[in-house]
Amino acid sequence: MEILGLQLDVRTGTLLIAGLSTVLCLQFSVTLLMQHRYHWTKPEQQKQILIIICMAPLYAVTSFFGLVEVRAGEVFFTVLESIKECYEALVIASFLKLMYCYLNVSTSSNVVPDEIKGRIIHHAFPITLFQPHEVKLDQKTLKLMQLWTWQFVVIRPALSVLVVSLEALDMYEGWISWAITLVLNCSVTLAMYSLITFYHVFAKELAPHNPLAKFICIKGVVFFSFWQGIVLSMLAYAGVIRAEHKFLDLAQVEEAYQNLFVCIEMVFFGMFQMYAFSPKEYYAKQVDHKVAAVKGEQEKKDE
(Lines give C-alpha, C1' and ligand atoms only; values in the text may rest on other atoms or scores of the structure.)
Protein backbone atom coordinates (compact mmCIF):
# COMPACT_ATOMS: atom_id res chain seq x y z
CA MET A 1 0.00 0.00 0.00
CA GLU A 2 1.41 3.40 -1.03
CA ILE A 3 0.35 6.56 0.87
CA LEU A 4 1.88 9.97 0.13
CA GLY A 5 4.76 8.29 -1.69
CA LEU A 6 5.51 5.97 1.25
CA GLN A 7 5.41 2.22 0.75
CA LEU A 8 3.61 0.75 3.74
CA ASP A 9 2.26 -2.67 4.59
CA VAL A 10 -1.53 -3.05 4.75
CA ARG A 11 -1.76 -2.95 8.56
CA THR A 12 0.42 0.16 8.93
CA GLY A 13 -1.39 1.96 6.09
CA THR A 14 -4.79 1.10 7.54
CA LEU A 15 -3.79 2.32 11.00
CA LEU A 16 -2.37 5.53 9.50
CA ILE A 17 -5.60 6.31 7.63
CA ALA A 18 -7.75 5.46 10.66
CA GLY A 19 -5.46 7.42 13.01
CA LEU A 20 -5.50 10.56 10.85
CA SER A 21 -9.28 10.31 10.51
CA THR A 22 -9.68 9.96 14.27
CA VAL A 23 -7.44 12.98 14.90
CA LEU A 24 -9.43 15.09 12.41
CA CYS A 25 -12.70 14.05 14.03
CA LEU A 26 -11.30 14.95 17.44
CA GLN A 27 -10.13 18.32 16.13
CA PHE A 28 -13.57 19.22 14.76
CA SER A 29 -15.31 18.04 17.92
CA VAL A 30 -12.93 19.70 20.39
CA THR A 31 -13.13 22.97 18.43
CA LEU A 32 -16.92 22.88 18.63
CA LEU A 33 -16.82 22.00 22.33
CA MET A 34 -14.50 24.94 23.05
CA GLN A 35 -16.72 27.32 21.09
CA HIS A 36 -19.71 26.34 23.21
CA ARG A 37 -17.69 26.66 26.40
CA TYR A 38 -16.53 30.14 25.36
CA HIS A 39 -20.11 31.23 24.59
CA TRP A 40 -21.57 29.56 27.68
CA THR A 41 -24.85 31.48 27.94
CA LYS A 42 -27.46 28.70 28.21
CA PRO A 43 -25.87 26.02 30.43
CA GLU A 44 -28.94 23.78 30.60
CA GLN A 45 -29.12 23.55 26.80
CA GLN A 46 -25.40 23.49 26.13
CA LYS A 47 -24.69 20.70 28.62
CA GLN A 48 -26.88 18.42 26.51
CA ILE A 49 -25.17 19.65 23.33
CA LEU A 50 -21.73 18.82 24.74
CA ILE A 51 -22.86 15.26 25.50
CA ILE A 52 -24.17 14.86 21.95
CA ILE A 53 -21.04 16.33 20.32
CA CYS A 54 -18.85 13.70 22.06
CA MET A 55 -20.64 10.89 20.22
CA ALA A 56 -18.67 11.10 16.95
CA PRO A 57 -15.19 11.18 18.55
CA LEU A 58 -16.19 8.33 20.87
CA TYR A 59 -17.15 6.20 17.87
CA ALA A 60 -13.90 7.14 16.11
CA VAL A 61 -11.63 6.41 19.10
CA THR A 62 -13.25 3.05 19.96
CA SER A 63 -13.13 2.00 16.31
CA PHE A 64 -9.44 2.93 16.13
CA PHE A 65 -8.70 0.79 19.18
CA GLY A 66 -10.64 -2.01 17.47
CA LEU A 67 -8.20 -1.75 14.56
CA VAL A 68 -5.15 -1.67 16.83
CA GLU A 69 -6.31 -4.86 18.54
CA VAL A 70 -7.68 -6.44 15.38
CA ARG A 71 -6.65 -9.95 16.48
CA ALA A 72 -8.65 -9.74 19.71
CA GLY A 73 -11.52 -12.10 20.45
CA GLU A 74 -15.28 -11.60 20.24
CA VAL A 75 -15.56 -10.41 23.85
CA PHE A 76 -13.22 -7.46 23.16
CA PHE A 77 -15.22 -6.32 20.11
CA THR A 78 -18.49 -6.82 22.00
CA VAL A 79 -17.21 -4.53 24.76
CA LEU A 80 -16.27 -1.84 22.21
CA GLU A 81 -19.69 -2.06 20.55
CA SER A 82 -21.37 -1.91 23.95
CA ILE A 83 -19.53 1.31 24.81
CA LYS A 84 -20.83 2.91 21.60
CA GLU A 85 -24.38 1.66 22.07
CA CYS A 86 -24.58 2.69 25.73
CA TYR A 87 -23.41 6.19 24.85
CA GLU A 88 -25.98 6.28 22.05
CA ALA A 89 -28.67 5.70 24.68
CA LEU A 90 -27.38 8.64 26.73
CA VAL A 91 -27.28 10.83 23.61
CA ILE A 92 -30.91 10.03 22.74
CA ALA A 93 -32.00 11.02 26.25
CA SER A 94 -29.88 14.20 26.06
CA PHE A 95 -31.48 15.10 22.73
CA LEU A 96 -34.98 14.87 24.21
CA LYS A 97 -33.82 16.94 27.20
CA LEU A 98 -32.45 19.54 24.77
CA MET A 99 -35.82 19.72 22.99
CA TYR A 100 -37.53 20.21 26.37
CA CYS A 101 -35.10 23.05 27.16
CA TYR A 102 -35.88 24.77 23.85
CA LEU A 103 -39.58 24.76 24.78
CA ASN A 104 -38.98 25.76 28.44
CA VAL A 105 -40.55 22.50 29.61
CA SER A 106 -39.52 21.00 32.95
CA THR A 107 -41.11 17.73 34.02
CA SER A 108 -39.28 17.77 37.38
CA SER A 109 -40.74 21.15 38.45
CA ASN A 110 -44.07 20.68 36.63
CA VAL A 111 -43.45 23.61 34.28
CA VAL A 112 -45.34 23.37 30.98
CA PRO A 113 -46.02 26.59 29.01
CA ASP A 114 -49.75 27.26 28.60
CA GLU A 115 -49.41 27.74 24.84
CA ILE A 116 -48.44 24.09 24.30
CA LYS A 117 -50.90 22.49 26.72
CA GLY A 118 -53.90 20.69 25.29
CA ARG A 119 -52.37 19.76 21.93
CA ILE A 120 -53.44 16.42 20.53
CA ILE A 121 -50.91 13.61 20.08
CA HIS A 122 -51.99 11.01 17.52
CA HIS A 123 -50.47 7.64 18.36
CA ALA A 124 -49.89 4.99 15.73
CA PHE A 125 -49.82 1.20 15.88
CA PRO A 126 -48.45 -0.63 17.89
CA ILE A 127 -48.45 2.15 20.54
CA THR A 128 -52.27 2.14 20.32
CA LEU A 129 -52.20 -1.33 21.89
CA PHE A 130 -51.50 0.28 25.29
CA GLN A 131 -52.30 3.98 24.64
CA PRO A 132 -55.41 5.76 23.25
CA HIS A 133 -55.21 6.84 19.62
CA GLU A 134 -55.54 10.50 20.65
CA VAL A 135 -54.01 11.94 23.82
CA LYS A 136 -54.07 15.53 25.08
CA LEU A 137 -50.68 16.98 25.88
CA ASP A 138 -50.16 17.71 29.57
CA GLN A 139 -47.59 17.19 32.31
CA LYS A 140 -48.42 13.49 32.59
CA THR A 141 -47.98 12.93 28.84
CA LEU A 142 -44.63 14.69 28.76
CA LYS A 143 -43.37 12.62 31.69
CA LEU A 144 -44.51 9.45 29.93
CA MET A 145 -42.63 10.38 26.74
CA GLN A 146 -39.54 11.11 28.82
CA LEU A 147 -39.92 7.71 30.50
CA TRP A 148 -40.15 6.01 27.09
CA THR A 149 -36.80 7.56 26.21
CA TRP A 150 -35.04 6.92 29.52
CA GLN A 151 -36.02 3.26 29.63
CA PHE A 152 -33.55 2.75 26.76
CA VAL A 153 -30.80 4.44 28.81
CA VAL A 154 -31.34 1.80 31.52
CA ILE A 155 -32.02 -1.27 29.36
CA ARG A 156 -29.16 -0.72 26.89
CA PRO A 157 -26.30 -0.84 29.47
CA ALA A 158 -27.97 -3.71 31.34
CA LEU A 159 -28.21 -5.78 28.16
CA SER A 160 -24.64 -4.86 27.21
CA VAL A 161 -23.31 -6.23 30.50
CA LEU A 162 -25.43 -9.35 29.99
CA VAL A 163 -24.18 -9.87 26.42
CA VAL A 164 -20.51 -9.44 27.39
CA SER A 165 -20.97 -11.93 30.23
CA LEU A 166 -22.68 -14.45 27.97
CA GLU A 167 -19.98 -13.99 25.30
CA ALA A 168 -17.30 -14.73 27.89
CA LEU A 169 -19.16 -17.92 28.87
CA ASP A 170 -19.80 -18.91 25.21
CA MET A 171 -23.54 -18.84 25.90
CA TYR A 172 -24.58 -15.97 23.63
CA GLU A 173 -26.28 -18.04 20.96
CA GLY A 174 -29.59 -19.55 19.92
CA TRP A 175 -32.80 -18.39 21.59
CA ILE A 176 -30.89 -16.28 24.16
CA SER A 177 -29.38 -14.16 21.40
CA TRP A 178 -32.75 -13.75 19.68
CA ALA A 179 -34.51 -12.83 22.94
CA ILE A 180 -31.95 -10.15 23.84
CA THR A 181 -32.11 -8.74 20.29
CA LEU A 182 -35.92 -8.58 20.47
CA VAL A 183 -35.92 -6.75 23.81
CA LEU A 184 -33.27 -4.32 22.59
CA ASN A 185 -35.11 -3.55 19.35
CA CYS A 186 -38.39 -2.95 21.20
CA SER A 187 -36.60 -0.65 23.65
CA VAL A 188 -34.82 1.47 21.03
CA THR A 189 -37.97 1.62 18.86
CA LEU A 190 -40.00 3.01 21.78
CA ALA A 191 -37.30 5.61 22.52
CA MET A 192 -37.12 6.71 18.89
CA TYR A 193 -40.92 6.82 18.64
CA SER A 194 -40.96 9.20 21.60
CA LEU A 195 -38.45 11.54 19.93
CA ILE A 196 -40.21 11.52 16.57
CA THR A 197 -43.63 12.13 18.15
CA PHE A 198 -42.28 15.01 20.20
CA TYR A 199 -40.70 16.58 17.11
CA HIS A 200 -43.92 16.14 15.10
CA VAL A 201 -46.03 17.89 17.75
CA PHE A 202 -43.62 20.83 18.23
CA ALA A 203 -42.04 21.13 14.76
CA LYS A 204 -43.07 24.79 14.42
CA GLU A 205 -41.67 25.91 17.80
CA LEU A 206 -38.47 23.90 17.34
CA ALA A 207 -37.82 25.10 13.76
CA PRO A 208 -35.49 28.02 14.76
CA HIS A 209 -33.17 25.51 16.49
CA ASN A 210 -32.72 23.30 13.42
CA PRO A 211 -33.77 20.09 15.23
CA LEU A 212 -33.93 17.96 12.06
CA ALA A 213 -30.23 18.49 11.34
CA LYS A 214 -29.43 17.62 14.97
CA PHE A 215 -31.54 14.46 14.77
CA ILE A 216 -29.93 13.40 11.47
CA CYS A 217 -26.51 13.99 12.98
CA ILE A 218 -27.32 11.69 15.90
CA LYS A 219 -29.09 8.90 14.05
CA GLY A 220 -26.83 9.15 11.00
CA VAL A 221 -23.88 7.93 13.07
CA VAL A 222 -25.81 4.88 14.25
CA PHE A 223 -27.57 4.33 10.90
CA PHE A 224 -24.36 4.23 8.88
CA SER A 225 -22.62 1.97 11.38
CA PHE A 226 -25.54 -0.47 11.58
CA TRP A 227 -26.31 -0.84 7.87
CA GLN A 228 -22.64 -0.79 6.99
CA GLY A 229 -22.18 -3.79 9.29
CA ILE A 230 -25.09 -5.58 7.56
CA VAL A 231 -23.57 -4.97 4.11
CA LEU A 232 -20.13 -6.15 5.24
CA SER A 233 -21.67 -9.32 6.68
CA MET A 234 -23.42 -9.98 3.36
CA LEU A 235 -20.18 -9.41 1.43
CA ALA A 236 -18.34 -11.78 3.77
CA TYR A 237 -21.07 -14.40 3.34
CA ALA A 238 -20.90 -14.00 -0.47
CA GLY A 239 -17.13 -14.47 -0.42
CA VAL A 240 -16.28 -10.93 -1.55
CA ILE A 241 -14.52 -10.31 1.76
CA ARG A 242 -12.07 -13.11 2.53
CA ALA A 243 -9.59 -13.89 5.26
CA GLU A 244 -6.35 -13.80 3.25
CA HIS A 245 -4.05 -13.49 6.26
CA LYS A 246 -3.21 -16.53 8.37
CA PHE A 247 -3.29 -14.41 11.56
CA LEU A 248 -6.86 -13.14 11.01
CA ASP A 249 -10.12 -15.04 10.65
CA LEU A 250 -13.04 -13.81 8.55
CA ALA A 251 -14.87 -12.21 11.49
CA GLN A 252 -11.78 -10.17 12.40
CA VAL A 253 -11.29 -9.00 8.80
CA GLU A 254 -14.95 -7.95 8.65
CA GLU A 255 -14.58 -6.11 11.97
CA ALA A 256 -11.44 -4.36 10.68
CA TYR A 257 -13.29 -3.04 7.61
CA GLN A 258 -16.14 -1.83 9.81
CA ASN A 259 -13.80 -0.01 12.20
CA LEU A 260 -11.81 1.60 9.37
CA PHE A 261 -14.95 2.90 7.64
CA VAL A 262 -16.36 4.24 10.93
CA CYS A 263 -13.13 6.18 11.61
CA ILE A 264 -13.34 7.79 8.16
CA GLU A 265 -17.08 8.51 8.37
CA MET A 266 -16.75 10.21 11.76
CA VAL A 267 -14.65 12.93 10.10
CA PHE A 268 -17.67 13.92 8.01
CA PHE A 269 -20.03 13.68 10.97
CA GLY A 270 -17.61 15.83 12.97
CA MET A 271 -17.84 18.45 10.22
CA PHE A 272 -21.63 18.18 10.02
CA GLN A 273 -21.90 18.64 13.78
CA MET A 274 -20.29 22.07 13.43
CA TYR A 275 -23.33 23.08 11.35
CA ALA A 276 -26.03 21.18 13.26
CA PHE A 277 -24.84 22.28 16.72
CA SER A 278 -23.40 25.65 15.78
CA PRO A 279 -22.92 27.95 18.81
CA LYS A 280 -23.95 31.02 16.75
CA GLU A 281 -27.40 31.17 18.33
CA TYR A 282 -25.65 31.80 21.67
CA TYR A 283 -23.46 34.66 20.39
CA ALA A 284 -26.20 37.30 20.59
CA LYS A 285 -27.23 36.13 24.07
CA GLN A 286 -23.66 36.55 25.28
CA VAL A 287 -23.53 40.10 23.89
CA ASP A 288 -26.86 40.89 25.60
CA HIS A 289 -25.50 39.59 28.91
CA LYS A 290 -22.37 41.75 28.59
CA VAL A 291 -24.42 44.84 27.70
CA ALA A 292 -26.71 44.23 30.68
CA ALA A 293 -23.68 43.84 32.97
CA VAL A 294 -22.15 47.11 31.69
CA LYS A 295 -25.46 48.96 32.16
CA GLY A 296 -25.72 47.59 35.68
CA GLU A 297 -22.25 48.79 36.57
CA GLN A 298 -22.96 52.21 35.05
CA GLU A 299 -26.19 52.58 37.04
CA LYS A 300 -24.32 51.75 40.26
CA LYS A 301 -21.73 54.44 39.47
CA ASP A 302 -24.46 57.01 38.76
CA GLU A 303 -26.04 56.28 42.13
Side-chain angles (χ1 to χ4, degrees), residues 29 32-33 35-37 39-59 83-117 119 121 127 135 137-158 160 187-223 269 272-282 285-286:
S29 301
L32 186 55
L33 287 170
Q35 287 175 345
H36 274 282
R37 285 298 300 160
H39 300 285
W40 195 250
T41 56
K42 291 276 187 175
E44 193 173 6
Q45 294 179 16
Q46 289 173 285
K47 283 178 185 176
Q48 311 309 318
I49 291 174
L50 296 190
I51 292 173
I52 296 169
I53 290 171
C54 290
M55 186 178 185
L58 178 74
Y59 266 62
I83 292 172
K84 297 176 186 176
E85 291 164 352
C86 291
Y87 198 80
E88 176 203 348
L90 176 61
V91 165
I92 288 175
S94 296
F95 181 71
L96 182 63
K97 174 66 175 176
L98 179 62
M99 298 300 104
Y100 276 33
C101 289
Y102 286 151
L103 295 172
N104 294 319
V105 172
S106 175
T107 55
S108 59
S109 56
N110 296 325
V111 176
V112 181
D114 293 332
E115 59 269 20
I116 67 175
K117 285 182 180 178
R119 294 191 183 183
I121 297 176
I127 302 299
V135 179
L137 184 70
D138 55 18
Q139 183 69 24
K140 181 180 177 182
T141 308
L142 289 172
K143 283 187 176 180
L144 182 62
M145 293 176 69
Q146 193 174 43
L147 178 64
W148 287 353
T149 305
W150 273 97
Q151 55 81 27
F152 182 56
V153 180
V154 176
I155 291 175
R156 175 67 264 187
S160 295
S187 177
V188 69
T189 300
L190 184 59
M192 294 308 301
Y193 177 84
S194 175
L195 288 180
I196 293 170
T197 301
F198 189 84
Y199 170 72
H200 178 72
V201 173
F202 300 110
K204 184 178 178 180
E205 288 82 1
L206 293 172
H209 303 285
N210 205 6
L212 186 58
K214 292 177 172 63
F215 183 76
I216 291 173
C217 195
I218 293 169
K219 290 310 297 176
V221 173
V222 182
F223 177 85
F269 279 108
F272 185 61
Q273 281 187 154
M274 299 191 79
Y275 161 73
F277 295 97
S278 172
K280 288 183 179 179
E281 64 179 288
Y282 302 103
K285 296 181 178 67
Q286 187 179 44

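All values below were derived from every heavy atom in this structure, side-chain atoms included, with hydrogens, water molecules and symmetry-related copies excluded.
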For this session: For the pair E281 and N210, evaluate side-chain contact (heavy atoms from CB on, under 4.5 Å) and give the outcome as yes or no after the intermediate values.
Result: CA-CA 11 Å; E281 64 179 288; N210 205 6; over 6 Å; no
Just how far is it from atom [atom1] of [X] to atom [atom2] of [Y], taken to the nearest 0.5 Å?
X: C54; Y: Q273; atom1: SG; atom2: CD; answer: 8.5 Å
X: F202; Y: Y102; atom1: CZ; atom2: OH; answer: 15.5 Å
X: I216; Y: F272; atom1: CD1; atom2: CZ; answer: 5.5 Å
X: S278; Y: H39; atom1: OG; atom2: NE2; answer: 9.5 Å
X: F215; Y: I196; atom1: CZ; atom2: CD1; answer: 4.5 Å
X: L96; Y: C101; atom1: CG; atom2: SG; answer: 9.5 Å

Problem set entry | P157 to C86 - nearest heavy-atom pair and separation |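 Looks like CA-SG, 3.5 Å.
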Exercise. Could you give all pairs that pass the salt bridge (Lys or Arg N to Asp or Glu O under 4.0 Å) test and reach residues 43-52, with sequence neighbours left out?
Worked result: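 Sorted result for residues 43-52: E44-K97.
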For [Y], is there any backbone N or O sitting under 3.5 Å from a side-chain donor or acceptor partner on [X]?
X: Q46; Y: K42; result: yes
X: S194; Y: L190; result: no
X: Y193; Y: W148; result: no
X: K214; Y: I49; result: no
X: Q151; Y: S187; result: yes
X: H36; Y: F277; result: yes

Problem set entry | Partners meeting side-chain contact (heavy atoms from CB on, under 4.5 Å) with L90 (sequence neighbours left out) |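 Once residues adjacent in sequence are excluded, the partners of L90 under the side-chain contact (heavy atoms from CB on, under 4.5 Å) criterion are I51, Y87, S94.
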Exercise. Is any side-chain heavy atom of L142 closer than 4.5 Å to a side-chain heavy atom of Y100?
Worked result: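 Yes, side chains in contact.
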Exercise. Who pairs with T197 by side-chain hydrogen bond (donor to acceptor under 3.5 Å, both in side chains), at least two apart in sequence or on another chain?
Worked result: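 Residues passing side-chain hydrogen bond (donor to acceptor under 3.5 Å, both in side chains) with T197: none at all.
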Problem set entry | Residues L195, M99; criterion side-chain contact (heavy atoms from CB on, under 4.5 Å); working and verdict | CA-CA 9 Å; L195 288 180; M99 298 300 104; 5.7 Å; no
Problem set entry | From CA spacing to verdict: side-chain contact (heavy atoms from CB on, under 4.5 Å), F152, E85 | CA-CA 10 Å; F152 182 56; E85 291 164 352; over 6 Å; no
For this session: For M55 and I52, run side-chain contact (heavy atoms from CB on, under 4.5 Å): C-alpha distance rounded to whole Å, both residues' side-chain angles, the deciding distance at 0.1 Å, then the answer.
Result: CA-CA 6 Å; M55 186 178 185; I52 296 169; 5.6 Å; no
Exercise. When you check the side-chain N and O atoms of Y282 and Q45, is any donor under 3.5 Å from an acceptor?
Worked result: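 Side-chain D/A pair, Y282 to Q45: present.
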